[in-house]
Protein chains: 2
Amino acid sequence: MLLLKELPTSQSLQKLSARYPTINIRAVVDFIVLLRASSDISQALDKLLAKHGLLQGRWWILILLLRQTDYSSSPTDLAEKAGVTKASITGFIDSLQAEGLVTRVEDPTDRRKYVIQLTALGLKKLDSIVPDYNHKISELMSTLSLTERDQMLSSLKTLVSHLERLG
Amino acid sequence: MLLLKELPTSQSLQKLSARYPTINIRAVVDFIVLLRASSDISQALDKLLAKHGLLQGRWWILILLLRQTDYSSSPTDLAEKAGVTKASITGFIDSLQAEGLVTRVEDPTDRRKYVIQLTALGLKKLDSIVPDYNHKISELMSTLSLTERDQMLSSLKTLVSHLERLG
DNA sequence: AGTTTATTGTTAGGTACCATAATATTTACT
DNA sequence: AGTAAATATTATGGTACCTAACAATAAACT
(Lines give C-alpha, C1' and ligand atoms only; values in the text may rest on other atoms or scores of the structure.)
Protein backbone atom coordinates (compact mmCIF):
# COMPACT_ATOMS: atom_id res chain seq x y z
CA MET A 1 0.00 0.00 0.00
CA LEU A 2 1.29 3.43 -0.89
CA LEU A 3 2.48 5.40 2.10
CA LEU A 4 4.60 8.49 2.07
CA LYS A 5 8.31 8.08 2.62
CA GLU A 6 8.55 11.82 3.04
CA LEU A 7 7.29 12.89 6.42
CA PRO A 8 5.90 16.42 6.72
CA THR A 9 8.40 19.23 7.20
CA SER A 10 7.81 22.13 9.52
CA GLN A 11 7.31 24.26 6.43
CA SER A 12 4.62 22.08 4.98
CA LEU A 13 2.97 21.91 8.39
CA GLN A 14 2.84 25.67 8.61
CA LYS A 15 1.21 25.68 5.22
CA LEU A 16 -1.32 23.11 6.32
CA SER A 17 -1.98 25.03 9.49
CA ALA A 18 -2.67 28.20 7.57
CA ARG A 19 -5.27 26.55 5.38
CA TYR A 20 -6.77 24.36 8.10
CA PRO A 21 -6.45 26.36 11.35
CA THR A 22 -8.17 23.78 13.54
CA ILE A 23 -5.58 21.11 12.75
CA ASN A 24 -3.92 19.33 15.62
CA ILE A 25 -0.48 19.12 14.07
CA ARG A 26 1.01 16.97 16.75
CA ALA A 27 -1.71 14.35 16.40
CA VAL A 28 -1.51 14.24 12.62
CA VAL A 29 2.27 13.96 12.66
CA ASP A 30 2.21 11.27 15.34
CA PHE A 31 -0.30 9.35 13.29
CA ILE A 32 1.71 9.38 10.10
CA VAL A 33 4.90 8.50 11.94
CA LEU A 34 3.04 5.53 13.40
CA LEU A 35 1.79 4.43 9.99
CA ARG A 36 5.23 4.86 8.48
CA ALA A 37 6.89 2.73 11.15
CA SER A 38 4.23 0.04 10.86
CA SER A 39 4.64 -0.12 7.14
CA ASP A 40 8.43 -0.33 7.40
CA ILE A 41 8.17 -3.25 9.80
CA SER A 42 5.69 -5.07 7.60
CA GLN A 43 7.86 -4.56 4.55
CA ALA A 44 10.89 -5.87 6.40
CA LEU A 45 8.94 -9.03 7.14
CA ASP A 46 8.06 -9.30 3.44
CA LYS A 47 11.73 -9.16 2.64
CA LEU A 48 12.61 -11.84 5.16
CA LEU A 49 9.92 -14.15 3.79
CA ALA A 50 10.92 -13.44 0.20
CA LYS A 51 14.37 -14.83 0.97
CA HIS A 52 12.68 -18.12 1.74
CA GLY A 53 10.63 -17.98 -1.44
CA LEU A 54 7.44 -17.07 0.35
CA LEU A 55 5.06 -14.15 0.42
CA GLN A 56 2.94 -12.91 3.30
CA GLY A 57 -0.34 -14.44 2.15
CA ARG A 58 0.98 -17.96 1.80
CA TRP A 59 3.14 -17.58 4.92
CA TRP A 60 0.25 -16.84 7.24
CA ILE A 61 -1.83 -19.68 5.82
CA LEU A 62 1.03 -22.06 6.54
CA ILE A 63 1.36 -20.68 10.06
CA LEU A 64 -2.37 -21.19 10.63
CA LEU A 65 -2.07 -24.81 9.53
CA LEU A 66 0.98 -25.30 11.75
CA ARG A 67 -1.14 -24.25 14.72
CA GLN A 68 -3.87 -26.80 14.06
CA THR A 69 -4.01 -30.39 15.25
CA ASP A 70 -2.94 -32.66 12.37
CA TYR A 71 -1.74 -29.53 10.64
CA SER A 72 -5.07 -29.34 8.89
CA SER A 73 -8.10 -27.11 8.68
CA SER A 74 -11.06 -26.33 6.44
CA PRO A 75 -11.13 -23.47 3.91
CA THR A 76 -13.98 -21.86 5.83
CA ASP A 77 -12.03 -22.02 9.07
CA LEU A 78 -8.92 -20.65 7.42
CA ALA A 79 -10.94 -17.82 5.93
CA GLU A 80 -12.31 -16.84 9.33
CA LYS A 81 -8.97 -17.02 11.06
CA ALA A 82 -7.19 -15.17 8.32
CA GLY A 83 -9.88 -12.55 8.02
CA VAL A 84 -10.46 -12.93 4.27
CA THR A 85 -13.23 -14.43 2.17
CA LYS A 86 -13.43 -18.09 1.24
CA ALA A 87 -12.85 -17.14 -2.38
CA SER A 88 -9.51 -15.61 -1.41
CA ILE A 89 -8.55 -18.75 0.49
CA THR A 90 -9.20 -20.84 -2.60
CA GLY A 91 -6.50 -18.89 -4.38
CA PHE A 92 -3.95 -19.30 -1.63
CA ILE A 93 -4.66 -23.01 -1.38
CA ASP A 94 -4.29 -23.39 -5.15
CA SER A 95 -0.93 -21.69 -5.01
CA LEU A 96 0.31 -23.68 -2.00
CA GLN A 97 -0.92 -26.92 -3.51
CA ALA A 98 0.84 -26.16 -6.78
CA GLU A 99 4.08 -26.03 -4.81
CA GLY A 100 3.21 -29.22 -2.99
CA LEU A 101 3.10 -27.58 0.43
CA VAL A 102 -0.51 -28.49 1.20
CA THR A 103 -3.09 -31.00 -0.06
CA ARG A 104 -6.85 -31.00 -0.33
CA VAL A 105 -8.22 -34.10 1.36
CA GLU A 106 -11.86 -35.04 0.83
CA ASP A 107 -13.92 -35.13 3.99
CA PRO A 108 -15.39 -38.63 4.34
CA THR A 109 -18.39 -37.45 6.33
CA ASP A 110 -19.45 -34.52 4.17
CA ARG A 111 -18.80 -34.50 0.47
CA ARG A 112 -18.99 -30.71 0.23
CA LYS A 113 -15.99 -30.33 2.49
CA TYR A 114 -12.26 -30.50 2.07
CA VAL A 115 -9.58 -30.67 4.68
CA ILE A 116 -6.52 -28.61 3.86
CA GLN A 117 -3.45 -30.27 5.26
CA LEU A 118 0.23 -29.46 5.38
CA THR A 119 2.24 -32.00 3.40
CA ALA A 120 5.55 -33.41 4.57
CA LEU A 121 7.15 -30.98 2.16
CA GLY A 122 5.17 -28.12 3.67
CA LEU A 123 6.28 -29.04 7.14
CA LYS A 124 9.86 -29.38 5.93
CA LYS A 125 9.60 -25.92 4.44
CA LEU A 126 8.35 -24.50 7.73
CA ASP A 127 11.15 -26.28 9.57
CA SER A 128 13.60 -24.52 7.30
CA ILE A 129 12.09 -21.12 7.96
CA VAL A 130 10.55 -20.93 11.42
CA PRO A 131 13.74 -21.26 13.50
CA ASP A 132 15.42 -18.54 11.45
CA TYR A 133 12.27 -16.43 11.63
CA ASN A 134 12.02 -16.91 15.38
CA HIS A 135 15.63 -16.02 15.90
CA LYS A 136 15.46 -12.86 13.84
CA ILE A 137 12.20 -11.68 15.37
CA SER A 138 13.71 -12.30 18.79
CA GLU A 139 16.80 -10.30 17.86
CA LEU A 140 14.66 -7.45 16.65
CA MET A 141 12.34 -7.33 19.63
CA SER A 142 15.23 -7.53 22.06
CA THR A 143 16.26 -4.03 21.03
CA LEU A 144 13.48 -3.01 23.41
CA SER A 145 13.18 -3.92 27.06
CA LEU A 146 10.20 -5.97 28.16
CA THR A 147 8.80 -2.88 29.84
CA GLU A 148 9.12 -0.83 26.69
CA ARG A 149 7.41 -3.57 24.72
CA ASP A 150 4.59 -3.76 27.23
CA GLN A 151 4.09 -0.04 27.07
CA MET A 152 4.24 0.09 23.30
CA LEU A 153 1.78 -2.75 22.83
CA SER A 154 -0.50 -1.40 25.49
CA SER A 155 -0.60 1.98 23.73
CA LEU A 156 -1.27 0.31 20.39
CA LYS A 157 -4.10 -1.70 21.89
CA THR A 158 -5.60 1.45 23.33
CA LEU A 159 -5.54 3.03 19.89
CA VAL A 160 -7.04 -0.06 18.27
CA SER A 161 -9.84 -0.15 20.82
CA HIS A 162 -10.79 3.38 19.84
CA LEU A 163 -10.58 3.00 16.09
CA GLU A 164 -14.31 3.44 15.75
CA ARG A 165 -13.53 7.13 16.28
CA LEU A 166 -12.26 7.18 12.73
CA GLY A 167 -15.51 5.87 11.31
CA MET B 1 -2.09 -7.75 2.93
CA LEU B 2 -3.22 -10.95 4.60
CA LEU B 3 -2.59 -10.97 8.31
CA LEU B 4 -4.04 -13.34 10.83
CA LYS B 5 -7.05 -12.16 12.78
CA GLU B 6 -6.55 -15.12 15.05
CA LEU B 7 -3.70 -14.52 17.45
CA PRO B 8 -1.88 -17.59 18.78
CA THR B 9 -3.47 -19.36 21.74
CA SER B 10 -1.44 -20.75 24.59
CA GLN B 11 -2.21 -24.18 23.22
CA SER B 12 -0.83 -23.45 19.79
CA LEU B 13 2.19 -21.81 21.38
CA GLN B 14 2.92 -24.93 23.37
CA LYS B 15 2.70 -26.90 20.16
CA LEU B 16 5.10 -24.51 18.46
CA SER B 17 7.45 -24.64 21.40
CA ALA B 18 7.54 -28.41 21.28
CA ARG B 19 8.53 -28.47 17.63
CA TYR B 20 10.85 -25.46 17.79
CA PRO B 21 12.38 -25.48 21.28
CA THR B 22 14.60 -22.44 20.73
CA ILE B 23 11.63 -20.20 20.07
CA ASN B 24 11.31 -16.98 22.03
CA ILE B 25 7.57 -17.07 22.42
CA ARG B 26 7.26 -13.69 23.99
CA ALA B 27 9.11 -12.02 21.12
CA VAL B 28 7.10 -13.80 18.44
CA VAL B 29 3.80 -12.99 20.12
CA ASP B 30 4.76 -9.36 20.67
CA PHE B 31 5.71 -9.11 17.02
CA ILE B 32 2.44 -10.46 15.70
CA VAL B 33 0.44 -8.32 18.10
CA LEU B 34 2.35 -5.32 16.78
CA LEU B 35 1.65 -6.28 13.16
CA ARG B 36 -2.00 -6.94 13.93
CA ALA B 37 -2.45 -3.52 15.57
CA SER B 38 -0.66 -1.76 12.73
CA SER B 39 -2.82 -3.46 10.18
CA ASP B 40 -6.01 -2.60 12.05
CA ILE B 41 -5.03 1.05 12.19
CA SER B 42 -4.19 1.15 8.50
CA GLN B 43 -7.47 -0.53 7.60
CA ALA B 44 -9.41 1.93 9.71
CA LEU B 45 -7.80 4.74 7.73
CA ASP B 46 -8.83 2.97 4.51
CA LYS B 47 -12.39 2.95 5.73
CA LEU B 48 -12.33 6.62 6.63
CA LEU B 49 -10.98 7.54 3.20
CA ALA B 50 -13.44 5.25 1.45
CA LYS B 51 -16.26 7.29 2.93
CA HIS B 52 -14.91 10.23 1.04
CA GLY B 53 -14.62 8.24 -2.15
CA LEU B 54 -10.85 7.96 -1.93
CA LEU B 55 -8.34 5.17 -1.54
CA GLN B 56 -4.96 5.29 0.14
CA GLY B 57 -2.87 5.58 -3.02
CA ARG B 58 -4.66 8.59 -4.39
CA TRP B 59 -5.02 10.12 -0.92
CA TRP B 60 -1.32 10.25 -0.24
CA ILE B 61 -0.59 11.68 -3.67
CA LEU B 62 -3.07 14.46 -2.98
CA ILE B 63 -1.50 15.08 0.42
CA LEU B 64 1.93 15.32 -1.18
CA LEU B 65 0.65 17.90 -3.64
CA LEU B 66 -1.02 19.83 -0.83
CA ARG B 67 2.37 20.17 0.84
CA GLN B 68 4.07 21.64 -2.21
CA THR B 69 4.24 25.28 -3.21
CA ASP B 70 1.64 25.92 -5.91
CA TYR B 71 0.22 22.53 -5.03
CA SER B 72 2.33 21.06 -7.77
CA SER B 73 5.17 18.64 -8.25
CA SER B 74 6.81 16.45 -10.89
CA PRO B 75 6.07 12.75 -11.33
CA THR B 76 9.69 11.96 -10.50
CA ASP B 77 9.50 13.97 -7.30
CA LEU B 78 6.20 12.36 -6.35
CA ALA B 79 7.68 8.93 -6.98
CA GLU B 80 10.60 9.63 -4.67
CA LYS B 81 8.48 11.08 -1.91
CA ALA B 82 5.87 8.35 -2.14
CA GLY B 83 8.47 5.61 -2.36
CA VAL B 84 7.14 3.99 -5.52
CA THR B 85 8.36 3.87 -9.12
CA LYS B 86 7.57 6.53 -11.67
CA ALA B 87 5.51 3.98 -13.58
CA SER B 88 3.27 3.58 -10.56
CA ILE B 89 2.88 7.32 -10.26
CA THR B 90 1.69 7.50 -13.86
CA GLY B 91 -1.23 5.28 -12.91
CA PHE B 92 -2.20 7.34 -9.89
CA ILE B 93 -2.01 10.56 -11.89
CA ASP B 94 -4.15 9.03 -14.64
CA SER B 95 -6.77 8.09 -12.10
CA LEU B 96 -6.72 11.45 -10.32
CA GLN B 97 -6.81 13.30 -13.61
CA ALA B 98 -9.79 11.24 -14.77
CA GLU B 99 -11.65 12.56 -11.75
CA GLY B 100 -10.49 16.09 -12.42
CA LEU B 101 -8.54 16.36 -9.18
CA VAL B 102 -5.16 17.08 -10.78
CA THR B 103 -3.87 18.26 -14.14
CA ARG B 104 -0.74 17.61 -16.11
CA VAL B 105 0.81 20.94 -17.07
CA GLU B 106 3.61 20.97 -19.64
CA ASP B 107 6.87 22.34 -18.34
CA PRO B 108 7.81 25.36 -20.49
CA THR B 109 11.54 24.93 -19.90
CA ASP B 110 11.85 21.19 -20.52
CA ARG B 111 9.53 19.42 -22.90
CA ARG B 112 10.12 16.03 -21.29
CA LYS B 113 8.64 17.22 -18.04
CA TYR B 114 5.16 17.66 -16.69
CA VAL B 115 4.04 19.49 -13.61
CA ILE B 116 1.30 17.71 -11.74
CA GLN B 117 -0.95 20.24 -10.09
CA LEU B 118 -3.99 20.10 -7.87
CA THR B 119 -7.03 21.55 -9.63
CA ALA B 120 -9.55 23.81 -7.92
CA LEU B 121 -11.73 20.72 -7.69
CA GLY B 122 -8.90 18.75 -6.12
CA LEU B 123 -8.36 21.45 -3.54
CA LYS B 124 -12.08 21.61 -2.87
CA LYS B 125 -12.07 17.87 -2.35
CA LEU B 126 -9.23 18.13 0.14
CA ASP B 127 -11.03 20.97 1.91
CA SER B 128 -13.98 18.64 2.31
CA ILE B 129 -11.87 15.86 3.76
CA VAL B 130 -8.87 17.24 5.63
CA PRO B 131 -10.71 19.01 8.49
CA ASP B 132 -12.73 15.87 9.17
CA TYR B 133 -9.60 13.74 8.86
CA ASN B 134 -7.69 16.02 11.20
CA HIS B 135 -10.44 16.02 13.74
CA LYS B 136 -10.82 12.26 13.77
CA ILE B 137 -7.09 11.58 13.92
CA SER B 138 -6.87 14.04 16.77
CA GLU B 139 -9.71 12.29 18.60
CA LEU B 140 -8.01 8.97 18.14
CA MET B 141 -4.56 10.05 19.22
CA SER B 142 -5.95 11.86 22.25
CA THR B 143 -6.83 8.49 23.75
CA LEU B 144 -3.13 8.44 24.65
CA SER B 145 -1.26 11.03 26.68
CA LEU B 146 1.56 12.91 25.02
CA THR B 147 4.00 10.95 27.12
CA GLU B 148 2.51 7.66 26.04
CA ARG B 149 2.66 8.74 22.43
CA ASP B 150 6.28 9.79 22.79
CA GLN B 151 7.17 6.47 24.32
CA MET B 152 5.27 4.46 21.73
CA LEU B 153 6.77 6.30 18.79
CA SER B 154 10.20 6.18 20.30
CA SER B 155 9.94 2.40 20.69
CA LEU B 156 8.69 2.04 17.15
CA LYS B 157 11.57 4.11 15.86
CA THR B 158 14.01 1.95 17.75
CA LEU B 159 12.55 -1.12 16.10
CA VAL B 160 12.64 0.47 12.68
CA SER B 161 16.27 1.45 13.13
CA HIS B 162 17.12 -2.21 13.75
CA LEU B 163 15.08 -3.74 10.97
CA GLU B 164 18.22 -4.83 9.19
CA ARG B 165 18.32 -7.57 11.79
CA LEU B 166 15.53 -9.24 9.87
CA GLY B 167 17.48 -9.28 6.62
C1' DA C 1 -40.63 -38.52 0.82
C1' DG C 2 -40.21 -34.37 -1.40
C1' DT C 3 -39.23 -29.60 -1.36
C1' DT C 4 -36.99 -25.72 0.34
C1' DT C 5 -33.16 -23.69 2.70
C1' DA C 6 -28.48 -23.44 4.16
C1' DT C 7 -23.72 -24.55 3.75
C1' DT C 8 -19.34 -25.47 1.38
C1' DG C 9 -16.18 -24.49 -1.86
C1' DT C 10 -15.08 -22.88 -6.54
C1' DT C 11 -15.32 -19.98 -10.64
C1' DA C 12 -15.80 -15.71 -13.06
C1' DG C 13 -14.88 -11.16 -13.31
C1' DG C 14 -13.10 -7.03 -11.47
C1' DT C 15 -10.20 -3.47 -8.74
C1' DA C 16 -6.10 -1.59 -6.39
C1' DC C 17 -1.45 -1.47 -6.00
C1' DC C 18 2.80 -2.37 -7.27
C1' DA C 19 7.14 -4.00 -10.23
C1' DT C 20 10.34 -4.55 -14.37
C1' DA C 21 11.53 -3.77 -19.01
C1' DA C 22 11.10 -1.48 -23.23
C1' DT C 23 10.14 2.80 -25.63
C1' DA C 24 9.80 7.70 -27.33
C1' DT C 25 11.07 12.11 -26.55
C1' DT C 26 14.02 15.48 -25.20
C1' DT C 27 18.09 17.45 -22.99
C1' DA C 28 22.97 17.49 -21.64
C1' DC C 29 27.62 16.30 -22.37
C1' DT C 30 31.94 15.86 -24.96
C1' DA D 1 27.37 15.94 -34.32
C1' DG D 2 27.01 12.02 -31.70
C1' DT D 3 26.46 9.73 -27.46
C1' DA D 4 24.75 9.51 -22.92
C1' DA D 5 21.39 10.64 -19.52
C1' DA D 6 16.90 11.96 -17.92
C1' DT D 7 11.73 12.09 -18.13
C1' DA D 8 7.57 10.03 -18.50
C1' DT D 9 4.70 6.52 -20.52
C1' DT D 10 3.20 1.95 -22.20
C1' DA D 11 3.12 -2.92 -21.98
C1' DT D 12 3.06 -6.77 -19.30
C1' DG D 13 2.55 -9.32 -15.31
C1' DG D 14 2.05 -10.58 -10.38
C1' DT D 15 -0.08 -10.44 -5.64
C1' DA D 16 -3.80 -9.65 -2.94
C1' DC D 17 -8.00 -8.96 -2.30
C1' DC D 18 -13.41 -8.37 -3.33
C1' DT D 19 -18.52 -9.53 -4.88
C1' DA D 20 -21.72 -12.29 -7.22
C1' DA D 21 -23.10 -16.36 -9.25
C1' DC D 22 -22.77 -21.32 -9.29
C1' DA D 23 -22.77 -26.46 -8.42
C1' DA D 24 -22.84 -29.85 -5.20
C1' DT D 25 -24.33 -31.51 -1.07
C1' DA D 26 -26.53 -31.68 3.45
C1' DA D 27 -30.03 -30.22 6.73
C1' DA D 28 -34.55 -28.70 7.86
C1' DC D 29 -39.16 -28.48 7.17
C1' DT D 30 -43.89 -29.89 5.69
Side-chain angles (χ1 to χ4, degrees), chain A residues 1-5 35 39 42-43 45-47 49-50 53-62 64 72-99 102-117, chain B residues 1-5 35 39-40 42-43 45-47 49-50 52-62 64 72-99 102-117:
Chain A
M1 170 239 335
L2 190 147
L3 215 172
L4 308 184
K5 296 283 172 210
L35 286 178
S39 171
S42 174
Q43 278 184 250
L45 173 60
D46 282 335
K47 249 178 109 175
L49 295 177
L54 273 181
L55 302 164
Q56 289 231 24
R58 294 202 294 255
W59 164 251
W60 292 118
I61 300 294
L62 291 177
L64 271 181
S72 52
S73 188
S74 70
T76 297
D77 186 51
L78 289 174
E80 275 165 17
K81 287 176 174 163
V84 295
T85 62
K86 285 181 293 177
S88 298
I89 292 293
T90 297
F92 287 117
I93 301 300
D94 285 347
S95 158
L96 287 167
Q97 192 172 31
E99 292 181 39
V102 306
T103 44
R104 283 178 167 94
V105 181
E106 288 180 14
D107 185 314
T109 71
D110 186 335
R111 298 184 56 196
R112 290 171 305 181
K113 294 186 185 172
Y114 286 95
V115 173
I116 310 302
Q117 183 165 36
Chain B
M1 171 239 338
L2 192 148
L3 214 171
L4 308 185
K5 295 286 172 210
L35 285 179
S39 171
D40 287 346
S42 175
Q43 278 184 250
L45 174 60
D46 281 335
K47 249 178 108 176
L49 295 178
H52 293 282
L54 272 179
L55 301 164
Q56 289 232 24
R58 294 203 294 255
W59 165 252
W60 292 118
I61 300 294
L62 291 178
L64 272 180
S72 52
S73 189
S74 70
T76 296
D77 186 50
L78 289 174
E80 276 165 16
K81 288 176 175 163
V84 295
T85 62
K86 285 182 290 178
S88 299
I89 292 293
T90 297
F92 288 116
I93 301 302
D94 284 348
S95 157
L96 287 167
Q97 192 173 30
E99 292 182 37
V102 306
T103 43
R104 284 178 165 94
V105 181
E106 288 179 14
D107 186 314
T109 70
D110 186 335
R111 299 185 53 196
R112 290 171 304 182
K113 294 186 185 172
Y114 287 93
V115 174
I116 310 302
Q117 184 165 35

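Throughout, a chain's letter reflects where its sequence line sits, starting with A, and its residues are numbered from 1. Values in this document were obtained by computation on a predicted structure and should not be read as measured data.
If A:Ala87 and A:Arg111 are placed on DNA chain D by their nearest nucleotide, the residue sitting closer to the 5' end is A:Ala87. Remark on DNA chain D: of its neighbouring residues A:Thr109 and A:Gly83, the 5'-side contact belongs to A:Gly83, judged by nearest-heavy-atom nucleotide. Residues B:Val84 and A:Asp110 each lie close to DNA chain C; by heavy-atom proximity, the contact nearer the 5' end of the strand is made by A:Asp110. Along DNA chain C, the nucleotide nearest to A:Leu3 and the one nearest to A:Asp94 differ in position, and the one closer to the 5' end is contacted by A:Asp94.
Rounded to an integer number of Å, the gap from NZ of A:Lys86 to P of D:dC17 is 18 Å. Atom CH2 in A:Trp59 sits about 18 Å away from atom C1' in D:dT15, given to the nearest Å. A straight line from CE of A:Met1 to C1' of D:dG14 spans 18 Å, rounded to a whole angstrom. Atom-to-atom, CZ of A:Arg58 to P of D:dC17 comes out at 13 Å; the value is rounded to the nearest Å. In this structure, the OH atom of B:Tyr114 is 16 Å from the P atom of C:dA24, given to the nearest Å. Rounded to whole angstrom, the span from the NZ atom of A:Lys5 across to the P atom of C:dC18 amounts to 10 Å. Counting to the nearest Å, the P atom of D:dG14 and the CZ atom of A:Phe92 are 16 Å from each other. One interatomic measurement links the two molecules: CD1 of A:Ile116 to C1' of C:dG9, which rounds to 9 Å at whole-angstrom precision.
In this structure, B:Gln56 and A:Leu2 approach most closely via the heavy-atom pair OE1-O, 4.0 Å. Residues A:Tyr114 and A:Pro75 come closest through the heavy atom pair O-CD, 3.4 Å. The shortest heavy-atom contact between B:Gln97 and B:Arg104 is OE1-NH1, 2.6 Å.
In this structure, B:Trp59 CH2 and A:Leu4 CG are separated by 10.0 Å, a value rounded to the nearest 0.5 Å. To the nearest 0.5 Å, atom OG of residue A:Ser42 and atom CG of residue B:Leu3 are 7.0 Å apart. Distance check: A:Phe92 CZ to A:Ile116 CD1 gives 13.5 Å after rounding to the nearest 0.5 Å.
Close to D:dA26, at under 4.0 Å from its OP1 or OP2, lies no side-chain N or O of A:Arg112. When the side-chain nitrogen and oxygen atoms of B:Ser88 are compared with OP1 and OP2 of C:dA19, one or more of them lie within a distance under 4.0 Å. Regarding contacts with the backbone of D:dA8, every side-chain N or O of B:Thr90 stays at 4.0 angstrom or more from both OP1 and OP2.
Nearest to the side chain of A:Leu55, among C:dT20, D:dA16, C:dC18, sits D:dA16. Taking every side-chain heavy atom of B:Thr76 into account, D:dA8 is the closest of D:dA26, C:dT27, D:dA8.
Around atom CD of B:Glu99, more than 12 heavy atoms belonging to other residues, nucleotides or ligands sit under 6.0 Å away.
An end-to-end axis angle of 0° holds for the helix from C:dA1-D:dT30 to C:dT30-D:dA1, taken from five base pairs per end and rounded to 10°.
Residue contacts shown for A:Lys113 are limited to sugar-phosphate atoms, with no base heavy atom under 4.0 Å away. Within 4.0 Å (heavy atoms only), A:Arg104 reaches sugar-phosphate atoms of the nucleic acid but no base atom.
Judged by distance alone, the side chains of B:Thr85 and B:Ser88 do bring a donor and an acceptor atom under 3.5 Å apart.
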